[in-house]
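Just follow the structure's listing: the first ligand is 1, and inside any ligand the first atom is 1. If you read the sequence from its start, that first residue is 1, and numbering goes on from there.
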Amino acid sequence: MEVQWDSPVTAVGGRHATKLAQLPGIETVGDLVGTYPRQHVAKGTLSQLDELVAGDLVSFVGEVASARQYTYQDKRTRRTAYRLEVRVRAEDGALLLTYFDKARHTADWRKDTELPVGRVGVFSGKLKWFRDEWQLTNPASRLYEEGDDAVDTMPDLIPIYSSIGGITTWQLEETIDLALSLVDRVPEVLPPAFVAERELVSARQALRWIHRPDTRAQKALAEKRLKHDEAFVAQSVLARRRVLVEATVANPRPGRRGGLLDAFDARLPFALTEGQERVGREIADELARDHPMQRLLQGEVGSGKTVVSLRAMLQVVDSGGQAALLAPTEVLAQQHQRSIEAMLGELAQGGMLGGAEHGTRVALLTGSLGAAARRTALAAAAGGEAGIVIGTHALLEDRVQFADLGLVVVDEQHRFGVEQRSALGAKAGTPPHVLVMTATPIPRTVAMTVFGDLDTSTLAELPAGRGEVQTTVVPIRARAAWLERAWERVREEVAAGHQAYVVASRIDPGDDEVVAEEPVDGEAPRTLYAVDELAPELAAGPLAGLRVEVLHGRMAPEDKDRVMSAFAAGEVHVLVSTTVIEVGVDVPNATVMVILDADRFGVSQLHQLRGRIGRGGHAGLCLLVTAADPAGPSMERLLAVAGTRDGFELSRIDLEQRREGNVLGTQQSGGRAGGLKLLSVLRDEPVIADAREAALDLLRADPELVGLPDLAAAVRRLEDSEQAVYLEKT
Ligand code: ADP
Ligand code: MG
């Protein structure tokens with residue numbers, strides 16, 4: 001039987017194909033062959049241990065040198081459990097492997113049968129620094145029988161795949177080998193001239209070598225070719241959108257002298273920063289053109305993006321159009337409504353008694369509106385009385401109609417994809433202008449890959465008069481008493497008339513996640529702080545006498561709104577919440593934030609969170625409470641957050657930490673954005689820039705990719721998968 005790239009995995013046959021076909025993301029032969037090894041192991045890999053950090057994945061070939069079994073009591077079940085410590089010797093070093101077993105017979109089998117002294121195998125797992133040495137816990141292994149010649153005929157580079165869905169790396173290796181030998185034709189997505197100019201190897205050669213290289217050099221050539229493929233497909237998707245936009249006509253919205261925008265500027269209580277002025281001009285010019293604006297506005301939390309976007313909205317309203325502001329959460333949509341109405345004052349009361357003559361209206365549309373309020377809002381949007389319509393995903397629903405939608409503003413882009421932008425765009429007769437705002441600074445190459453179809457503007461400075469925020473790590477593993485001191489600081493701030501945030505990673509303790517997966521060094525497994533449990537504890541204990549309220553995503557929308565309004569009005573002293581306050585919430589009187597289990601949050605997330613304080617010109621204090629290992633990588637991350645307020649620097653650290661790869665190789669992972677497996681948006685800037693230029697030229701000349709059917713198919717696949725991701729999120 002002929003096996004094609006698009007054939008189902010089962011066409012490959014072999015012992016494991018049927019099982020593999022059941023895995024998510026592996027449907028076709030192409031998907032299977034596209035599952036790359038996360039690394040290749042050679043004998044002697046351990047010499048690189050110096051370069052590794054905890055959490056890195058290592059694989060190595062070695063021989064069991066000694067094994068010792070220990071018993072301990074499992075803290076949760078109170079039963080006896082078993083720990084086996086195995087020392088494995090490689091050619092150039094040794095490593096400790098630790099296995100945990102619950103049943104005596106498994107533990108004994110492991111010691112006597114699976115891992116007797118002298119057994120040779122390939123071991124693979126995540127590095128951990130414990131009791132002053134590196135070790136692997138419950139590593140995956142491939143063991144060789146005694147006298148097995150496989151030990152001698154072992155290839156120099158053994159591919160190691162992530163074991164997915166109970167399929168071992170060895171089963172994947174076998175099936176992929178088979179698929180590669182059977183598949184009839186491997187798609188070539190790159191234009192032949194592009195391949196020739198860069199002296200890239202063929203796609204088939206690259207696939208063979210990415211799985212089974214004889215040398216590191218072959219592997220490098222394979223990676224180079226496949227990175228170009230990934231970059232080219234991703235950039236083609238973006239270039240296609242760009243070419244489409246270039247060919248699209250939009251209504252110019254030049255604004256009007258003496259209109260709402262001028263009136264707004266006149267009543268603004270502060271002067272715009274230089275950045276706001278500059279970006280404002282860029283946007284104003286683009287709105288006046290007859291192609292849709294597609295712009296990304298990035299700026300630190302508090303850099304004043306909302307004002308910039310409001311001015312753009314007013315320009316559109318002045319031109320007779322409407323603007324929609326799409327917010328990621330209900331809390332944020334409500335807050336936008338409140339603050340925009342406050343900033344507009346009488347300008348937001350068009351047609352009402354006491355409203356300004358040319359005033360407009362602001363409508364709010366969220367999922368939780370009552371029927372009557374919803375009807376009013378829908379009518380105001382459809383009839384055009386509301387110049388500004390603010391909402392959540394509810395804005396995307398079919399029944400939401402606009403009289404003349406001229407501008408879509410998407411706040412905090414990372415929760416909205418391209419598809420949502422275009423869903424909203426479809427509500428306008430002619431394509432609207434689009435402004436996407438983000439407070440997560442995006443390094444240039446990432447912007448190029450993920451938002452390559454957008455032009456970017458950056459607000460670099462914060463408005464003057466912003467209070468400093470001091471960030472301090474509170475390592476409670478070293479000194480539990482420091483937590484007491486943190487609560488004292490909260491009391492002091494409240495006594496001085498300010499307010500506080502307390503942030504935890506969980507909502508209720510029932511979301512039971514145990515911090516230490518296995519009992520380590522006599523330390524009891526500790527559950528994470530949870531909002532529902534913490535708030536009453538604080539109110540009864542260290543924060544007694546203060547008004548403490550809870551806010552989290554599972555509360556009813558009207559409760560959320562009530563709590564948020566009370567906090568904004570200063571009636572609540574301490575808000576105990578999850579990260580729902582991460583984005584955009586603005587209460588200038590809040591000056592202190594205590595983040596519990598801070599190691600549980602990403603670097604950028606922490607940076608966003610602390611952006612909530614120090615907003616009112618008062619100095620802010622952010623306390624990162626953690627029980628993490630003082631010498632471990634989590635602590636390093638927290639210290640980085642404490643050490644800089646440069647959002648770009650932090651988002652770089654964040655991306656680097658999240659890279660699943662490691663110094664020994666690139667880890668395969670199906671779930672990355674844009675179908676990227678090998679390409680690093682941080683390190684492969686030249687490849688991306690190269691592909692970007694070539695793809696744009698190509699798509700301008702051949703928008704439907706008639707000349708490159710393989711590329712056309714890959715582009716369609718990527719577009720469909722992004723569509724799928726979007727559908728999952730709604
Ligand atoms: P972002 O959306 O970028 O986080 P906002 O637009 O919410 O920032 O602005 C944060 C706060 O700073 C708001 O209270 C806003 O009124 C205020 N603000 C914005 N621009 C200026 C400025 N130029 N001078 C002083 N305050 C400003
Ligand atoms: Mg904002």
Side-chain angles (χ1 to χ4, degrees), residues 261 264-281 283 295-314 323 325-329 331-345 347-348 362 388 390 409-416 435-442 456-469 499 501 564 567-570 579-591 593 604-620 645-648 650-651:
L261 178 55
F264 174 76
D265 282 347
R267 52 172 289 148
L268 206 57
F270 45 73
L272 295 176
T273 63
E274 222 173 281
Q276 285 171 319
E277 294 268 9
R278 176 177 39 79
V279 173
R281 271 193 306 275
I283 293 174
R295 188 162 283 279
L296 176 72
L297 171 57
Q298 35 180 344
E300 287 280 305
V301 167
S303 58
K305 297 182 295 296
T306 310
V307 176
V308 170
S309 70
L310 179 54
R311 294 184 69 252
M313 293 190 250
L314 293 174
L325 171 57
L326 197 53
T329 64
V331 168
L332 195 53
Q334 283 157 354
Q335 184 188 290
H336 271 312
Q337 183 209 18
R338 269 196 300 273
S339 68
I340 284 178
E341 281 190 335
M343 277 193 272
L344 288 173
L347 301 177
V362 178
I388 296 175
I390 300 171
V409 178
V410 182
D411 194 11
E412 307 300 346
Q413 116 302 305
H414 51 282
R415 317 235 172 138
F416 287 112
L435 179 65
V436 179
M437 302 194 288
T438 175
T440 313
I442 303 165
T456 42
S457 303
T458 305
L459 288 176
E461 82 263 51
L462 296 180
R466 208 40 73 76
E468 268 301 298
V469 175
Q499 291 162 276
Y501 293 105
M564 231 14 251
F567 189 65
T579 52
V580 285
I581 55 148
E582 172 192 349
V583 177
V585 170
D586 190 13
V587 178
N589 191 45
T591 51
M593 176 177 285
S604 294
Q605 212 176 8
L606 292 169
H607 183 57
Q608 292 256 2
L609 280 167
R610 74 173 158 188
R612 304 292 117 229
I613 50 174
R615 288 169 83 87
H618 314 289
R645 289 219 71 194
D646 180 341
F648 277 93
L650 290 172
S651 88

Region of M343 engaging ligand 1 - heavy atom pairs below 4.0 Å: neither
Polar atom proximity, F270 to ligand 1 (N or O, under 3.5 Å): no
Atom pair NZ/OG1 of K305 and T438 - distance to nearest 0.5 Å: 7.0 Å
Distance (rounded to the nearest 0.5 Å) between N589 CG and I613 CD1: 12.0 Å
Atom indices of ligand 1 within 4.0 angstrom of A271 heavy atoms, with elements: 22 (C), 23 (N), 24 (N)
Min heavy-atom dist S303 to ligand 1 below 4.0 Å: yes
V409 to S309 - nearest heavy-atom pair and separation: CG1-CB, 3.9 Å
Donor-acceptor pairs under 3.5 Å, side chain of residues 265-272 to any protein atom, not counting sequence neighbours: which ones?
unit_1 : atom_1 : unit_2 : atom_2 : d
D265   : OD1    : R311   : NE     : 2.9
D265   : OD2    : R311   : NH2    : 2.9
R267   : NE     : M343   : O      : 3.3
R267   : NH1    : L344   : O      : 3.4

V469 side chain reached by M593 side chain, heavy atoms, under 4.5 Å: no
Atoms in ligand 1 with a heavy atom of V307 nearer than 4.0 Å: 6 (O), 19 (C)
Option with minimal heavy-atom separation from atom 9 (O) of ligand 1, where the choices are S339, G304, G611: G304
Structural part of L272 in contact with ligand 1, heavy atom criterion under 4.0 angstrom: backbone
Under the side chain to side chain donor-acceptor pair (under 3.5 Å) test, residues paired with Q276 that sit two or more places apart: T273
Residue T273 vicinity, atoms of ligand 1 by number, heavy atom under 4.0 Å: 23 (N)
